[in-house]
Amino acid sequence: MKRVAVAIGVVVMAAGGLGFLREIDRTRPTSSLVFLVGAALVHDLVWAPAVLVVGALLRRRLRPRWRAPVAFAAAASAAISLVTFPTVRGYGRAADNPSLLPGNYGRSLVLVIALVWLAAFAWGATRAALGPTAEEKA
Amino acid sequence: MTAAADAGRPPSALHDERTAALLGMALGFAFTICFLTGLLSHWVQQPPDWFNWPSRPAGLYRVTQGLHVATGIASGPLVLAKLWSVYHHFYKWPPARDIWHGLERITLLPLVGGSLFLIFSGVANIARWYPWDFFFTTTHYWTAWITIGALVIHGALKAGTARAALRSSTPPEDGPRPPDAEDGLVSRRAFLGGVAATSGVLTIVTAGQTVPLLSPLAVLSPRRPDVGPQGLPVNKTARSARVRELAISPDYRLVVDGRVERPLSLSLAELRDMDHRAATLPIACVEGWSASARWSGVAVRDLLAMAGAAPDSDVRVESLQAGGLYRASTLSAAHADDPDTLLALELRGEELHIDHGYPVRLIGPNRPGVMQTKWVSGLVVG
């Protein structure tokens with residue numbers, strides 16, 4: 001079963017690789033592979049360590065009840081910014097096409113992130129009302 | 001929890017196999033949706049011989065492609081969370097225990113790189129940002145095959161671990177819960193809830209570009225379904241297609257030829273005098289936005305009947321555009337014969353705006369926007 005599934009996966013990957021190579025004038029590996037490998041490297045060597053550092057700071061600085069809400073708000077803010085930044089930066093705007101990227105996305109992003117933090121504070125306050133955790137009492 | 005109890009465990013519940021398995025299953029589901037809807041879109045645009053895309057239901061493509069883009073956006077936080085949950089493995093030494101483990105780790109590069117690449121290139125494309133030299137569609141398509149293949153391998157090699165992790169009744173969920181599950185930074189439940197909430201927020205602020213009910217909340221979507229000339233978005237303008245002169249020329253003629261008994265060459269006035277038909281149809285862009293509007297014009301099948309076209313023929317719809325990948329599209333016999341497949345002259349009771357394809361554009365049910373050819377110059381039958 002495992003071997004069959006692995007074999008199917010290998011065939012599918014090979015089909016993709018072959019198609020990629022067959023249309024090499026469009027897939028342009030000199031550019032696309034930079035993005036493909038680069039994305040993995042940026043994640044593993046920049047993004048994830050940065051999350052580690054921020055997580056460690058939050059853990060040290062915050063009381064236990066506030067850790068989850070603040071960690072959520074920080075991570076959600078970062079992820080939302082990351083996924084929407086091509087829209088927010090508006091690189092794709094064109095003078096002759098007002099229907100492209102018509103919004104005031106900077107303001108929208110601030111608003112969405114503010115709502116995320118508001119929700120996180122409400123969550124944190126609810127938890128804090130439970131009193132100190134066992135860890136704090138110890 | 002004591003240090004002794006910590007030893008040999010993942011850094012916290014966020015990094016154990018149960019969390020990784022749950023996120024992996026969610027991602028497997030999301031990527032399957034993205035892959036199938038993407039494949040479908042590819043087949044609709046470049047149909048293999050055996051593939052027949054129906055003209056009904058009229059809004060099917062808007063749903064499948066809207067789902068493709070929305071699911072891709074929602075996958076962003078899922079991928080980041082999944083990678084976070086297994087990140088400590090990145091530093092494992094030795095890199096491989098045995099051949100299976102080695103294979104698993106090797107396929108992580110196409111899996112991780114491919115996943116991040118697909119999401120990044122997708123969100124950049126819907127925002128019309130191309131900071132690269134490759135052609136988006138082709139590269140996104142073949143990378144999807146590579147990534148899904150790597151995902152199948154990964155799933156096969158990890159199924160045992162995942163099954164065991166999901167079955168085990170280790171704390172905190174099923175066992176006796178400690179009074180506070182706060183020994184780590186965040187409990188598993190809070191972590192997974194936070195990931196779901198983040199994906200949910202992203203969906204709510206973008207999906208309104210295709211889901212009418214959510215459109216007031218679409219504050220971070222690259223399109224708004226009501227913004228554009230005549231209240232409808234445009235992808236390619238007449239200026240960027242360089243058709244302005246030809247489109248407004250009094251010499252404009254619509255030519256119907258190919259396998260026909262009586263080739264036609266019709267002026268705009270003649271087209272206006274013909275019987276018109278109106279239909280409410282969506283423009284459904286491959287980029288995941290869509291908007292419905294009332295169109296009216298001449299039914300393609302009426303024109304074909306007038307010209308005495310060979311029955312059951314495909315019809316090539318050509319544009320005044322001199323070049324470009326989307327200067328023409330093909331109507332399969334089923335689409336050409338649908339009474340709502342129109343050469344539209346009017347949008348919402350007004351003459352078409354030039355950016356919507358003046359003097360005449362194709363608009364038909366259940367077609368990707370790029371196949372709703374604008375500035376139509378002719379139909380070639382057969």
Side-chain angles (χ1 to χ4, degrees), chain A residues 2 5-6 8-17 19-20 23 26-28 30-32 35-37 39-40 43-44 48 51 55 58-59 64-65 67-68 71-72 75-76 79-80 82-84 86-88 91-92 94 96-103 105 108-109 111-112 116 133-135, chain B residues 73 76-77 80 83-84 87 90 103 109-110 112-114 116-117 120-121 123-124 127-129 132-135 138-139 142-146 148-150 152-153 155-157 159 179-180 182-183 185-187 190 194 197-198 201-202 205 219-224 227-228 233-234 237 239-240:
Chain A
K2 177 160 118 177
V6 168
I8 291 171
V10 169
V11 169
V12 171
M13 265 186 81
F20 194 95
E23 295 194 71
R26 290 187 168 188
T27 54
R28 305 238 175 112
T30 47
S31 175
S32 51
F35 279 88
L36 202 136
V37 177
H43 174 271
D44 289 347
V51 176
L58 295 183
R59 191 169 172 172
R65 298 285 194 203
R67 286 176 189 163
F72 157 68
I80 291 169
L82 193 67
V83 173
T84 59
T87 296
V88 172
Y91 300 109
D96 64 335
N97 188 356
S99 73
L100 264 179
L101 301 159
Y105 299 110
S108 296
L109 183 63
L111 190 76
V112 169
V116 165
T133 62
E135 179 192 322
Chain B
I73 290 172
L80 293 174
L83 292 177
W84 177 241
Y87 184 58
F90 183 65
L103 178 67
L109 178 62
V112 174
L116 293 169
F117 176 86
F120 171 71
S121 61
V123 297
R128 292 299 185 113
W129 179 42
W132 51 61
D133 287 336
F134 54 85
F135 181 61
T138 313
T139 313
W142 289 120
T143 306
W145 278 95
I146 295 171
I148 215 80
V152 170
I153 297 173
L157 297 178
D180 298 288
E182 310 293 344
D183 47 302
L185 177 61
V186 174
S187 72
T198 308
V201 167
L202 274 170
V205 297
V219 293
L220 285 171
S221 64
R223 300 295 194 139
R224 296 207 46 106
V227 174
V234 161
T237 60
R239 211 183 103 196
S240 66

Proximity breakdown for B:Leu202 and chain A, heavy-atom pairs closer than 4.5 Å: side chain
Partner chain B: residue of A:Ser99, A:Ala39, A:Gly103 with the largest heavy-atom pair count (under 4.5 Å): A:Ser99
A:Ala40 versus B:Val112, closest heavy-atom pair with distance: CB-CG1, 4.3 Å
Side chain to side chain contact (heavy atoms under 4.5 Å, CB included) between B:Arg223 and A:Leu100, worked out: CA-CA 6 Å; B:Arg223 300 295 194 139; A:Leu100 264 179; 3.4 Å; yes
Between A:Pro102, A:Ser108, A:Gly19, the one whose heavy-atom pairs under 4.5 Å with chain B are most numerous: A:Gly19
Contact origin within B:Val123 toward chain A - heavy atom pairs under 4.5 Å: both
Closest-packed option against chain A by number of heavy-atom pairs under 4.5 Å, given B:Leu109, B:Ile148, B:Thr198: B:Thr198
Value rounded to 0.5 Å, distance of NZ in A:Lys2 from CG in B:Leu157: 5.5 Å
Contacting region of B:Val234 [heavy-atom separation from chain A under 4.5 Å]: both
Chain B contact via A:Val10 - which portion, at a heavy-atom distance below 4.5 Å: both
Segment of A:Pro98 engaging chain B (4.5 angstrom heavy-atom cut-off): backbone
Between A:Ile8, A:Val37, A:Val51, the one whose heavy-atom pairs under 4.5 Å with chain B are most numerous: A:Val51
Pairwise side-chain contact, B:Asp133 with A:Thr30, heavy-atom cut-off 4.5 Å (strictly under): no
Pairwise distance CD1(A:Ile80) to CG(B:Leu220) - rounded to 0.5 angstrom: 8.5 Å
Gap separating the OG1 atom of A:Thr84 from the CD1 atom of B:Ile73, nearest 0.5 angstrom: 9.5 Å
Contact winner vs chain B - A:Arg28, A:Glu23, A:Arg26, heavy-atom pairs under 4.5 Å: A:Arg26
Interatomic spacing from NE2 in A:His43 to CG in B:Leu116 - rounded to 0.5 Å: 6.5 Å
Qualifying residues under ring-ring contact (aromatic ring centres under 6.0 Å, His included), relative to B:Phe117, sequence neighbours excluded: B:Phe134
Check: A:Asp44 main-chain N/O paired with B:Tyr87 side-chain donor or acceptor under 3.5 Å: yes
Parallel, tilted or perpendicular: ring planes of A:Phe35 versus B:Trp132, cut at 30 and 60 degrees: perpendicular
Spatial distance of atom OG1 (A:Thr87) from atom CH2 (B:Trp129) [nearest 0.5 Å]: 10.5 Å
A:Val6 portion near chain B, given a 4.5 angstrom heavy-atom threshold: both
Which of A:Ala15, A:Ala48, A:Ala14 touches chain B most, by non-hydrogen pairs under 4.5 Å: A:Ala48
Chain A interface, residue from B:Pro77, B:Gly113, B:Ala150, B:Ala197 that has the most non-hydrogen pairs under 4.5 Å: B:Gly113
Test side chain to side chain contact (heavy atoms under 4.5 Å, CB included) applied to A:Leu111 and B:Val219, step by step: CA-CA 9 Å; A:Leu111 190 76; B:Val219 293; 5.6 Å; no
Choice from B:Ala190, B:Ala124, B:Pro222 maximising heavy atom contacts with chain A below 4.5 Å: B:Pro222
By side-chain hydrogen bond (donor to acceptor under 3.5 Å, both in side chains) - contacts of B:Thr237 (at least two apart): A:Asp96, B:Ser240
Heavy-atom pair count under 4.5 Å with chain B, highest-scoring of A:Leu109, A:Val112, A:Val88, A:Thr27: A:Thr27
Gap between atom OG1 of B:Thr139 and atom CZ of A:Phe20 - 0.5 Å precision: 6.0 Å
Options B:Pro110, B:Gly194, B:Gly76, ranked by heavy-atom pairs under 4.5 Å with chain A, top entry: B:Gly194
